[in-house]
Amino acid sequence: MERKMLISASQSELKRMQFAAEVDRNIRVSITSRKRIEDSQRWSAVGRIEAGQLITDLALFFRFPHSVASRLWKQFETTQTVFRRPVAVRPRITNPEEDRYIAIVAKRNRRATSTRVTSMVTSSIGKAISSAKVRQRLHMNGL
């Protein structure tokens, strides 16, 4: 029994060393860039930790900081899920109907500036809209 434990421990240590060597060969980049981790990657990372992989090795493999891997594992332990929390989204200033109206006003008055289009739209719909927002909506419509 004791001999089997020593063999399995040395085999797992060997696997860990092989993995670390593979990571060292394949990854020669800095882990400073911030990017959102896809849900599939999150589940894969949790599966690897459950299988016995160290968080440090996992972080190197997926190219994200150790702290991110730790927080991911901690989140999974407490909530049994790895989904991101919903983020509060600001309500839109204009609805799609008003966006279409902005485009129509701009098409009718081709030579009008965005500031002039803003004043025309604001007076007709009765809602204050910034000229920057009008420029964004015109850009979205290809105008």
Side-chain angles (χ1 to χ4, degrees), residues 1-108 112-143:
M1 177 77 173
E2 188 175 312
R3 184 171 181 205
K4 285 183 182 178
M5 294 285 275
L6 288 174
I7 291 171
S8 64
S10 63
Q11 285 176 347
S12 65
E13 187 66 18
L14 179 64
K15 285 181 184 177
R16 184 173 169 274
M17 288 173 24
Q18 287 172 344
F19 176 77
E22 177 186 331
V23 167
D24 287 342
R25 275 196 312 273
N26 294 334
I27 301 174
R28 297 272 184 218
V29 295
S30 145
I31 307 178
T32 57
S33 66
R34 289 183 55 136
K35 63 183 169 99
R36 190 162 282 172
I37 303 166
E38 298 295 325
D39 286 336
S40 60
Q41 262 194 328
R42 290 170 170 266
W43 282 113
S44 177
V46 166
R48 285 176 175 263
I49 293 172
E50 284 182 325
Q53 187 169 359
L54 295 177
I55 290 178
T56 306
D57 296 337
L58 178 86
L60 286 172
F61 181 78
F62 283 108
R63 298 181 185 182
F64 48 70
H66 182 276
S67 59
V68 172
S70 292
R71 276 187 279 130
L72 181 64
W73 178 244
K74 188 175 181 181
Q75 178 190 2
F76 179 74
E77 284 182 318
T78 56
T79 64
Q80 293 299 307
T81 186
V82 294
F83 294 114
R84 299 191 75 233
R85 280 174 269 154
V87 178
V89 179
R90 288 183 65 186
R92 285 177 54 104
I93 299 292
T94 59
N95 58 32
E97 183 180 317
E98 292 165 343
D99 292 345
R100 283 192 298 274
Y101 183 68
I102 291 170
I104 289 169
V105 168
K107 286 177 185 175
R108 283 182 187 159
T113 63
S114 63
T115 308
R116 179 71 182 127
V117 171
T118 302
S119 63
M120 287 188 275
V121 169
T122 301
S123 64
S124 63
I125 65 173
K127 188 191 303 185
I129 303 171
S130 69
S131 59
K133 192 57 66 180
V134 169
R135 280 194 300 273
Q136 288 174 359
R137 298 303 187 247
L138 292 174
H139 182 72
M140 283 171 40
N141 288 313
L143 299 173

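This is a predicted model, so every value here is computed, not measured.
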Notebook entry, point to check: For the atom pair CD (Gln136) and CD1 (Ile129), what is the distance rounded to the nearest 0.5 Å?
Noted result: 11.5 Å
Margin query: Just to verify, what does Leu138 make a side chain to side chain contact (heavy atoms under 4.5 Å, CB included) with, not counting sequence neighbours?
Written below: Ile102, Ala106, Val134, Leu143
Margin query: Could you tell me if the side chain of Val46 sits less than 4.5 Å from the side chain of Arg42, heavy atoms only?
Written below: no
Notebook entry, point to check: How many angstroms lie between atom CD of Gln41 and atom CZ of Phe64, to the nearest 0.5 angstrom?
Noted result: 6.5 Å
Next item on the list: May I ask you to test the Glu97-Arg100 pair for a side-chain heavy-atom distance under 4.5 Å?
Entry: yes
Next item on the list: Check side chain to side chain contact (heavy atoms under 4.5 Å, CB included) between Ser130 and all other residues, then give those that pass, not counting sequence neighbours.
Entry: Ala132, Lys133
Margin query: Set out, in order, the CA-CA distance, both residues' side-chain angles and the distance that settles side chain to side chain contact (heavy atoms under 4.5 Å, CB included) for Leu58 and Ile49, then state yes or no.
Written below: CA-CA 8 Å; Leu58 178 86; Ile49 293 172; 3.5 Å; yes
Margin query: Test of understanding: with side chain to side chain donor-acceptor pair (under 3.5 Å), list the residues that count as partners of Arg116, not counting sequence neighbours.
Written below: Ser119
Check: Roughly how far, to the nearest 0.5 Å, is CZ of Phe83 from CZ of Phe76?
Finding: 11.0 Å
Note to self: Ignoring hydrogens and geometry beyond distance, is a side-chain donor-acceptor pair present between Tyr101 and Ser124 at under 3.5 Å?
What the structure shows: yes
Margin query: For the OG atom of Ser131 and the CZ atom of Arg135, what is their distance to the nearest 0.5 Å?
Written below: 4.5 Å
Next item on the list: Give a yes or no on whether Glu38 atom CD has more than 12 heavy-atom contacts from other residues, nucleotides or ligands under 6.0 Å away.
Entry: no
Margin query: Any side-chain to backbone donor/acceptor pair from Thr122 onto Thr118? Under 3.5 Å, distance only.
Written below: yes
Next item on the list: State which residues pass side chain to side chain contact (heavy atoms under 4.5 Å, CB included) with Arg71; sequence neighbours excluded, sorted by chain then number.
Entry: Ser67, Val68
Check: Roughly how far, to the nearest 0.5 Å, is NZ of Lys74 from CD of Glu77?
Finding: 9.5 Å
Check: Do you know which two heavy atoms are closest between Ile93 and Ala128, and how far apart they sit?
Finding: CG2-O, 4.5 Å
Next item on the list: State which residues pass side chain to side chain contact (heavy atoms under 4.5 Å, CB included) with Thr79; sequence neighbours excluded, sorted by chain then number.
Entry: Gln75, Thr81
Check: How long is the gap from OG1 on Thr94 to CG on Asp99, to the nearest 0.5 Å?
Finding: 3.5 Å
Margin query: If you compare all heavy atoms of Ala112 against all heavy atoms of Met120, which two are closest, and at what distance to 0.1 Å?
Written below: CB-CE, 4.0 Å
Item checked: salt bridge (Lys or Arg N to Asp or Glu O under 4.0 Å) partners of Lys127, counting only residues at least two apart -> Glu98
Note to self: Counting C-beta onward and ignoring hydrogens, is there a side-chain heavy-atom pair between Trp73 and Glu50 closer than 4.5 Å?
What the structure shows: yes
